[in-house]
Amino acid sequence: MASSDMQDVKRRIRSVTSMEHITNAMKLVSAAKLRKAKAIYENTDENFQYITHSIEEIFNNADEVPRQYLQGSRQIKTTCYIIITGSRGLCGAFNSNVIREAETQMAKDQEEPLLITIGSKGRDYFAKKGCHIYKEYTDPPESIPFLVTQEMSRPIIDMYNEEKIDQIVLIYNSYLSQLEHEVSVKTLLPFAVEQDPDIIRYHKEVEYEPSVEDVFNYLVPKYVEITLYGAIVESATCEHAARRMAMENATDNAREMLDSLSLYYNRARQAAITNEIIEIVSGSEAQK
């Protein structure tokens, strides 16, 4: 091997070594963020599950749920999609899976949908596609507090009540484990009550004060706010898990490449040394 080729291999080894240090550091940072996000998710998930289950229980046991909130109350023409992605890359297929599912759902719509994007990756993609983005929130999901979630929800519910939109659909990554997550599609409005076998139905009369309409006008926004915030927390946990896994795979690939390059370089250097020894011996024998 020529000396210039040897220098190229050495430069490549230095470059891959630097990359391995970077990806390993990013893996450690993502692992620390994942532990923090997972703790928040686990602490809040049980409470959110209890609250949302209680609200769904009321929906399933009420005989006078306002018809506007029930599935089948209106023809679905315009749908509002709340799409939760990340604001950074280097996390494998985390963002692309959500975007792909959103496009699949949007392809079924009769009219142009209205989008609310959380995370800059989804915003950037759908803005380039020329989609109607009603609101955009580019902050990373883990930095969005519950109060901001309330501000997000109010105009969406108002548009639903005013029949400017006919359906509200939430698309995000749901957490299964540190190694696995999947895209979830959840319809926030209208509700499909009496279809969940896990919801207990009580055979007794329930009275609402001051009125059924007032109670549900209070409960519906709370249900949407809580469900949306829970999805944001869950999506942030999935993002850190996906980035940690992606950086771990990148670090392992870099180390495998270093092993191959080092083996190739050492063999080439040994071959060059052997050739030099042969030339020296041949020259000394020729002088005899």
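Note that the numbering runs from 1 along the sequence shown for the chain.
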Over 12 non-hydrogen atoms of neighbours within 6.0 angstrom of CZ in Arg88: yes

Side-chain (Ser235) to main-chain (Ala231) donor-acceptor, under 3.5 angstrom: no

Lys135: salt bridge (Lys or Arg N to Asp or Glu O under 4.0 Å) partners, not counting sequence neighbours: none

Residue pairs fulfilling ring-ring contact (aromatic ring centres under 6.0 Å, His included) with at least one residue in residues 131-177, sequence neighbours excluded: Tyr41-Tyr175, Phe146-Tyr229

Joint hydrophobic cluster, Phe94 plus Ile171, side-chain heavy atoms closer than 4.5 Å: no

Flag, side chain of Asn173 to backbone of Glu239, donor-acceptor distance under 3.5 Å: no

Tyr265 reachable from Met257 in the ILVMFWY side-chain graph, under 4.5 Å edges: yes

Per-pair distances, 0.1 Å, donor-acceptor, side chain in residues 20-29, under 3.5 Å, sequence neighbours excluded:
{"residue": "Glu20", "atom": "OE2", "partner": "Arg255", "partner atom": "NE", "Å": "2.8"}
{"residue": "Glu20", "atom": "OE2", "partner": "Arg255", "partner atom": "NH2", "Å": "3.0"}
{"residue": "Thr23", "atom": "OG1", "partner": "Met19", "partner atom": "O", "Å": "3.1"}
{"residue": "Thr23", "atom": "OG1", "partner": "Glu20", "partner atom": "O", "Å": "3.1"}
{"residue": "Thr23", "atom": "OG1", "partner": "Thr251", "partner atom": "OG1", "Å": "3.0"}

Joint cluster assignment, Val148 & Ile118, ILVMFWY side-chain distance < 4.5 Å: yes

ILVMFWY cluster, Met152 and Ile82 together (side-chain gap under 4.5 Å): yes

CG-CD1 distance between Leu189 and Ile156, expressed to the nearest 0.5 angstrom: 9.5 Å

Connected via hydrophobic side-chain network under 4.5 Å: Phe126 and Val183: yes

Side-chain touch Asn161/Val220, heavy atoms, less than 4.5 angstrom: no

For Thr274, side chain to side chain contact (heavy atoms under 4.5 Å, CB included) partners two or more places apart: Ile278

Lys38: partners by side chain to side chain donor-acceptor pair (under 3.5 Å), with sequence neighbours left out: Glu42

Test side chain to side chain donor-acceptor pair (under 3.5 Å) applied to Gln105 - qualifying residues, sequence neighbours left out: Glu101

Counterpart residues, side chain to side chain donor-acceptor pair (under 3.5 Å), relative to Tyr125 (two or more places apart): Glu103

Those residues that, when tested against Thr138, pass side chain to side chain contact (heavy atoms under 4.5 Å, CB included) (two or more places apart): Ser120, Arg123, Glu136

Donor-acceptor pairs under 3.5 angstrom involving side-chain atoms of residues 163-170: please list them, not counting sequence neighbours.
{"residue": "Lys164", "atom": "NZ", "partner": "Glu162", "partner atom": "OE1", "Å": "3.3"}
{"residue": "Asp166", "atom": "OD2", "partner": "Lys77", "partner atom": "N", "Å": "3.1"}
{"residue": "Asp166", "atom": "OD2", "partner": "Thr78", "partner atom": "N", "Å": "3.0"}
{"residue": "Gln167", "atom": "NE2", "partner": "Thr79", "partner atom": "OG1", "Å": "3.2"}

Chi angles and distances behind the side chain to side chain contact (heavy atoms under 4.5 Å, CB included) call for Thr117, Thr85: CA-CA 8 Å; Thr117 58; Thr85 60; over 6 Å; no

Distance (rounded to the nearest 0.5 Å) between Lys121 NZ and Cys91 SG: 7.5 Å

Residue that, paired with Cys238, satisfies side-chain contact (heavy atoms from CB on, under 4.5 Å) out of Glu182, His181, Arg243: His181

Ile144 CD1 to Asp139 CG distance, which is reported to the nearest 0.5 Å: 6.0 Å

Within-4.5 Å side-chain heavy-atom neighbours: Glu225 and Glu151: no

CD on Glu256 to OG on Ser260, rounded to 0.5 Å: 7.5 Å

Residues that Ala31 engages under side chain to side chain contact (heavy atoms under 4.5 Å, CB included), provided they are two or more places apart: Arg35, Arg244

Point-to-point distance, once rounded to the nearest 0.5 Å, from CD1 of Ile83 to CG of Asn95: 11.5 Å

Point-to-point distance, once rounded to the nearest 0.5 Å, from CG of Asn266 to CG of Leu261: 10.5 Å

Listed partners of Ser184 passing side chain to side chain donor-acceptor pair (under 3.5 Å), at least two apart: Ser174

Taking every non-hydrogen atom, the tightest pair across Cys80 and Ile116: SG-CD1, 3.9 Å

Close side-chain approach of Leu258 to Thr17, heavy-atom, < 4.5 Å: yes

Leu115 vs Met106 side-chain heavy atoms within contact, under 4.5 Å: yes

Residues that Ala93 engages under side chain to side chain contact (heavy atoms under 4.5 Å, CB included), provided they are two or more places apart: Ser96, Asn97

